[in-house]
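Everything on this sheet refers to the single structure shown next.
Counting starts at 1 for both ligands and their atoms, in listed order.
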Amino acid sequence: MVKHNFNAGPAILPRIAIENTAKAVLDFNGIGMSILEISHRSKEFQAVIDEAFALFKEIFNIPEGYQVIFLGGGASTQFAMVPYNLLEKKAAYLETGVWAKKAIKEAKLFGDINVIASSAAQNFTYYPKGFNIPTDVDYLHITTNNTIYGTELREDLNSPVNLVADMSSDFLSRPVDVSKYALIYGGAQKNIGPAGVTVVIVREDILGKMSRTIPSMLDYRTHIKDGSMFNTPPVLPIFTLNETLKWLKNIGGLTKIEEMNIAKANLLYNEIDRNKMFVGTVEKESRSRMNICFVLNEQYKELSDTFMEFAKNKGMVGIKGHRLVGGYRASTYNALPIESVQALVNCMQEFEKMH
Ligand SMILES: *Cc1c(COP(=O)(O)O)cnc(C)c1O
């Protein structure tokens, strides 16, 4: 049976990226060894990481003055690394979900945190808008897409202070005006690669301003200086990331992928709104294109497990909602074909006919 992979992360990747990774694991570039067995400083791997840097800059349209870094440690390490490098006294945070809360918790270890807007009281069912950004803070931290709740900002804020964004779950899903951000980070495993590599894009002039000393591994400057080779980088995840970037460039880059992502999201949201059995869980204006959350309408609630089983038998994978939201979550990341969304929609329509 065909599987439709709606996993939230690690998640679906382009088939070509997986096939090329499989080949490189068996015999990398015809050198008679696996990519797993060679030095990260070999000229063969250097070519891979160089291509990945170049493609990231090209596809994401990164202006002069910014650096791209590939790190280990996941986005969660960035929750601490950001304040370690940028927080002298005070920072502003948007509290828009679980990941934002975790980022706030870490930042509080380093200074005063001003939560300038929060949707916590409404169980994070909307993305706050119209908040005032204070000017007496070192930076404003936002989470552009809230993976668990399914809300997304989808615009580049005009911030009077350095803007820092966790883009883990909508990285490379649309064109972004990078010049509006001081730092962007994300774990690869939601939308751009396998688990194990974290991408950081940083405007270099914001670094080196802290009074505290920063351990080498936690200092962005270390990794910039050594081209992400201060220590051994996650070699295989970077290889697969590069293959994913090649695929993205080939299909037409961010303008094209945004079109495709909008088409997929519209298809599913339209069905959620049309189908009498289902209802979305977040405010319409805040709906995420990447993580689409919905539940059964009140009068059908007892069919919750029945629909899950029904969908599973038709090849749907990973549609169980996060325990904090319940119901269903379909993650419709870049690599998910619209045919999979159509299959889920068909499933919902068939289920409606049966009840
Ligand atoms: C998954 C996720 C994280 C955590 O990523 P790790 O790489 O597992 O540390 C952080 N932020 C967002 C928005 C996420 O979706």
Side-chain angles (χ1 to χ4, degrees), residues 5-13 69-84 93-107 109 115 117-120 124-128 139-157 163-174 176 181 183-201 217-218 223 228 233-234 236-238 240-241 244 261 282 286-293 318 320-325 329-336:
N5 184 352
F6 293 97
N7 280 325
I12 189 166
L13 288 170
I69 315 172
F70 298 135
L71 295 172
S76 300
T77 300
Q78 296 308 308
F79 296 164
M81 207 160 151
V82 163
Y84 222 133
Y93 276 69
L94 288 191
E95 189 183 45
T96 54
V98 165
W99 298 113
K101 272 165 63 173
K102 290 189 175 177
I104 290 167
K105 177 166 179 266
E106 293 301 297
L109 300 171
V115 175
S118 171
S119 47
F124 301 113
T125 49
Y126 67 97
Y127 206 105
Y139 62 85
L140 165 65
H141 180 284
I142 64 173
T143 311
T144 52
N145 183 70
N146 298 287
T147 325
I148 290 171
Y149 298 93
T151 63
E152 190 178 13
L153 178 60
R154 274 197 268 119
E155 64 178 273
D156 304 312
L157 293 179
L163 182 60
V164 176
D166 174 0
M167 288 195 186
S168 293
S169 51
D170 62 353
F171 228 163
L172 302 186
S173 68
R174 66 173 181 93
V176 163
Y181 299 83
L183 192 147
I184 296 169
Y185 65 87
Q189 72 275 18
K190 306 285 164 54
N191 210 25
I192 60 174
V197 59
T198 305
V199 180
V200 176
I201 295 152
M217 271 299 283
L218 298 181
H223 302 286
S228 300
L236 192 65
I238 290 172
T240 311
L241 167 69
T244 306
N261 287 332
V282 305
S286 302
R287 282 176 162 178
S288 167
R289 286 179 195 148
M290 298 281 102
N291 310 100
I292 299 177
C293 298
K320 191 172 169 48
H322 192 279
R323 69 193 147 74
L324 294 170
V325 179
R329 170 177 55 177
S331 297
T332 51
Y333 296 125
N334 285 355
L336 184 84

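- Residue contacts with ligand 1: N145 is placed with no nitrogen or oxygen under 3.5 Å of a nitrogen or oxygen of the ligand (distance criterion only).
- The nearest protein atom to atom 9 (O) of ligand 1, hydrogens excluded, is given as S76 OG, 2.6 Å; this is a heavy-atom distance.
- Taking the six-membered ring wherever Trp is involved, the centroid distance between the rings of Y126 and Y149 does not fall below 6.0 Å.
- The CZ atom of F171 sits 11.5 Å away from atom CD of Q189, with the distance rounded to the nearest 0.5 Å.
- For atom 11 (N) of ligand 1, the closest non-hydrogen atom of the protein is D166 OD2, 2.6 Å.
- Summarising the geometry, atom CD1 belonging to I292 is positioned 12.0 Å from atom CZ belonging to R329; distances are rounded to the nearest 0.5 Å.
- When atom types are taken as modelled, the side chain of N5 and the backbone of L336 share no donor-acceptor pair closer than 3.5 angstrom.
- For ligand 1, the atoms lying closer than 4.0 Å to a non-hydrogen atom of F79 are 10 (C).
- Ligand 1 has no atom lying under 4.0 Å from any heavy atom of M167.
- Between atom CD1 of residue I142 and atom OG1 of residue T96 there is a gap of 8.5 Å, rounded to the nearest 0.5 Å.
- Looking from atom 5 (O) of ligand 1 to the surrounding protein, the closest heavy atom is A75 CB, 3.5 Å.
- Within the 4.0 Å heavy-atom criterion, neither part of Y185 lies near ligand 1.
- What sits closest to atom 2 (C) of ligand 1 on the protein, heavy atoms only, is K190 NZ, 2.5 Å.
- Here the protein heavy atom with the shortest distance to atom 8 (O) of ligand 1 is Q189 NE2, 3.3 Å.
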Evaluate the ring-ring contact (aromatic ring centres under 6.0 Å, His included) criterion for residues Y181 and Y139: first the C-alpha distance (whole Å), next the side-chain angles of each, then the deciding distance (0.1 Å), finally the verdict.
CA-CA 10 Å; Y181 299 83; Y139 62 85; over 10 Å; no

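- Residue-ligand proximity, T143 to ligand 1, at heavy-atom distances under 4.0 Å covers atoms 13 (C).
- Using a 4.0 Å cut-off between charged nitrogen and carboxylate oxygen, D166 and K102 do not count as a salt-bridge pair.
- Counting only heavy atoms of the protein, atom 4 (C) of ligand 1 lies nearest to W99 CZ3, 3.4 Å.
- Taking every heavy atom of both residues into account, M217 and H223 meet most closely at O-NE2, 2.9 Å.
- Close contacts of ligand 1 with G74, meaning ligand atoms under 4.0 Å from a residue heavy atom, involve 7 (O), 9 (O).
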